[in-house]
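Step one of this worksheet: look at the structure below.
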Amino acid sequence: MNAPKVGFVSLGCPKALVDSERILTQLRTEGYEISPSYENADVVVVNTCGFYR
């Protein structure tokens, strides 16, 4: 059986980029394959941030 493929989009602040790297590392550890294109991904994760004032 092939590993599930995950596409990843990180939007927003630098903290979102750091969080995305941590998430990607965990996904790889759990056996997911990171897909370089969304067309070939089984699922696409969009990570963003927001601020409330």
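Because the structure is predicted, anything quoted here is derived from the model rather than measured.
- In this structure, G31 and A3 approach most closely via the heavy-atom pair O-CB, 3.1 Å.
- V43 belongs to a hydrophobic cluster whose remaining members, ordered by chain and number, are V6, F8, I23, L24, L27, Y32, I34, V45; membership requires side-chain heavy atoms of ILVMFWY residues under 4.5 Å apart, directly or through intermediates.
- Annotation: salt bridge (charged side-chain N to carboxylate O under 4.0 Å, His left out) contacts involving residues 2-23, sequence neighbours excluded, comprise K15-D19.
- Nearest approach of C49 to C13, heavy atoms of both residues: SG-SG, 2.7 Å.
- In this structure, the side-chain contact (heavy atoms from CB on, under 4.5 Å) partners of L11, at least two apart in sequence or on a different chain, are V9, V46, T48.
- Applying the side-chain contact (heavy atoms from CB on, under 4.5 Å) rule to N2 yields no partners; only residues at least two apart in sequence or on another chain are considered.
- With sequence neighbours excluded, no residue forms a side chain to side chain donor-acceptor pair (under 3.5 Å) with S35.
- A salt bridge (charged side-chain N to carboxylate O under 4.0 Å, His left out) check over residues 33-43, counting only residues at least two apart or in different chains, returns nothing.
- With hydrogens and angles disregarded, no donor-acceptor distance shorter than 3.5 Å links the side chain of N47 to the backbone of S10.
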